[in-house]
Every structure is written in structure tokens, then in C-alpha cells.
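Structure first, then comments.
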Amino acid sequence: MSGLGAGFRRLLGKEEVEPQSLLGRWLVTRLVDRPEEHKRYVARFGEVPDEPEQGLIVQEVFACLLERYLALAGTSEDGLLDEYEGIGRPNVPERAVGEVAIHAALGRIPRVPPDLWLPALVAHGTLAMLMMPRLELPYPQVVDLVREKEQELIARGIALCPA
């Protein structure tokens, strides 16, 4: 059974459908535009330990999405950052935080600095949300990607805040 893809295992009822971590579920609701569920997970942010490792799930999913996004014709980091900056909502961190988020995702810096992990979490989520219309990933693929990254982090010994 272990050689089967996650989607096929899910069809057979052998695997949970949702991510296991609180930030994993928050990210899925953000990426697939489920505002009511998203609000529910945002309200639980206080449960997430104040440790930069908690944001790795969002950073790593964002890195995968960014790779796919930049491979599309007509896309660029600057264009994405311009769109991000144009949102202009008070809860969206400034462009410089978005730049740090992109640099960390592309491996130009080892990781988001600890003092920026919460603003970068929001920046990663916002940037990923902006990329989604071009990526056209269906809900099951988004869930599978998030779950795959959760499993990789757990295998590396990182304890994620449960959903």
C-alpha cells in the first residue's frame, strides 16, 4: 500500500483528507479560498508555539508553489512583489518582508530570520494566494502538497502544532 499515491490512498479511505498541522490547515484554506474555514484557523493562531520552526510548513509549501509559478511564462519575482505591494491592507507586511520570504524560499538565505517569522508567515501565505490563480491547482493537490511537506518536516524531527 505504501507505493500508492496519496490521492489513490485517499480514494480507498486509507488516509486522512486534511493536513495534520494547524498552519497546514490555515494554509490550505488560504490557498483554496475558503474564507470561513480560514477565519476559524486564524482565530487559533495563539495556539501555535512561538518558534520559527512552526513557520517552516508554510515556507516549504510556498517554495514549491513559487518554483512552479516562476516556471510559467510571463511571471517574475518583481511582478509578484508588485502585486503583493498593491494589496495595501494593514495586515499585509511591507514589501521587504515579502522579499525576505521569497529569498528564503529560493534558498538565497538559509531561512527567515527568527524575528521575522510571524510577518513572513503572513507574507508567504499572501504571496502564495496571489500565485494560485495562475497555478490552477485543485483542492486535492494543494492538500497533498501540504501533507507531503508536513511529513517531511516531521521526519526531520520538527513537531508541528496539531490542528
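Sequential numbering from 1 along the given sequence is applied to the chain's residues. All heavy atoms count here, side chains included; hydrogens, waters and symmetry mates do not.
- At least one side-chain heavy atom of L127 sits less than 4.5 Å from a side-chain heavy atom of L80.
- V100 and P113 get closest at one heavy-atom pair: CG1-CD, 3.8 Å.
- A distance of 11.5 Å separates CG of L130 from CG of D82, quoted to the nearest 0.5 Å.
- Checked against side chain to side chain contact (heavy atoms under 4.5 Å, CB included), P138 has the following partners two or more places apart in sequence or in another chain: P140, Q141.
- With sequence neighbours excluded, no residue forms a side chain to side chain donor-acceptor pair (under 3.5 Å) with D33.
- Sorted by first and then second residue, the side chain to side chain donor-acceptor pair (under 3.5 Å) pairs involving residues 61-77 (not counting sequence neighbours) are E77-R108.
- Atom-to-atom distance recorded for L153:CG and L56:CG is 5.5 Å, nearest 0.5 angstrom.
- Applying the side chain to side chain donor-acceptor pair (under 3.5 Å) definition to pairs two or more places apart or across chains, those involving residues 116-138 are R30-T126, D50-W117.
- Of the possible donor and acceptor atoms, none in the side chain of R111 sits under 3.5 Å from a partner among the backbone N and O of A104.
- When all heavy atoms are compared, the tightest approach of Q20 to I154 is OE1-CD1, 3.8 Å.
- For the side chain to side chain contact (heavy atoms under 4.5 Å, CB included) test, residues two or more places apart in sequence or in another chain that qualify with A128 are L31, F62, L65, M131.
- Sorted by first and then second residue, the ring pair (Phe, Tyr, Trp, His ring centres under 6.0 Å) pairs with a member in residues 135-163 form an empty list; sequence neighbours excluded.
- Here I102 contributes atom CD1 and D78 contributes atom CG; the two are 8.5 Å apart, rounded to the nearest 0.5 Å.
- Between V112 and P52, every side-chain heavy-atom pair lies at or beyond the 4.5 Å cut-off.
- Taken from CG in L135 to CG in L66, the straight-line distance is 9.5 Å, to the nearest 0.5 Å.
- By the 4.0 Å N-to-carboxylate-O rule, R95 lies close enough to E99 to be salt-bridged with it.
- Under the rule for a side chain to side chain donor-acceptor pair (under 3.5 Å), E148 has no partner lying at least two apart in sequence or in another chain.
- Residues L23 and L160 form no side-chain contact, since every pair of their non-hydrogen atoms from C-beta on lies 4.5 Å or further apart.
- The two atoms that bring V122 and P93 nearest to each other are CG1-CD, 3.6 Å, heavy atoms only.
- In this structure, the separation between OG on S21 and CG on L27 is 8.5 Å, given to the nearest 0.5 Å.
- For residues 51-60, the side chain to side chain donor-acceptor pair (under 3.5 Å) pairs, not counting sequence neighbours, are E60-R156.
- Looking at heavy atoms from C-beta onward, R25 lies out of side-chain contact with V28 at the 4.5 angstrom threshold.
- The CE atom of M129 sits 11.0 Å away from atom OG1 of T29, with the distance rounded to the nearest 0.5 Å.
- Under a 3.5 Å cut-off, the side chain of E150 and the backbone N or O of P19 do not form any donor-acceptor pair.
- Listed by first and then second residue, the ring pair (Phe, Tyr, Trp, His ring centres under 6.0 Å) pairs that reach into residues 20-45 are W26-H38, W26-F45, sequence neighbours excluded.
- Residues A105 and A63 approach most closely at O-CB, 3.5 Å, considering heavy atoms.
- In terms of the side chain to side chain donor-acceptor pair (under 3.5 Å) criterion, E94 has no residue partners (sequence neighbours excluded).
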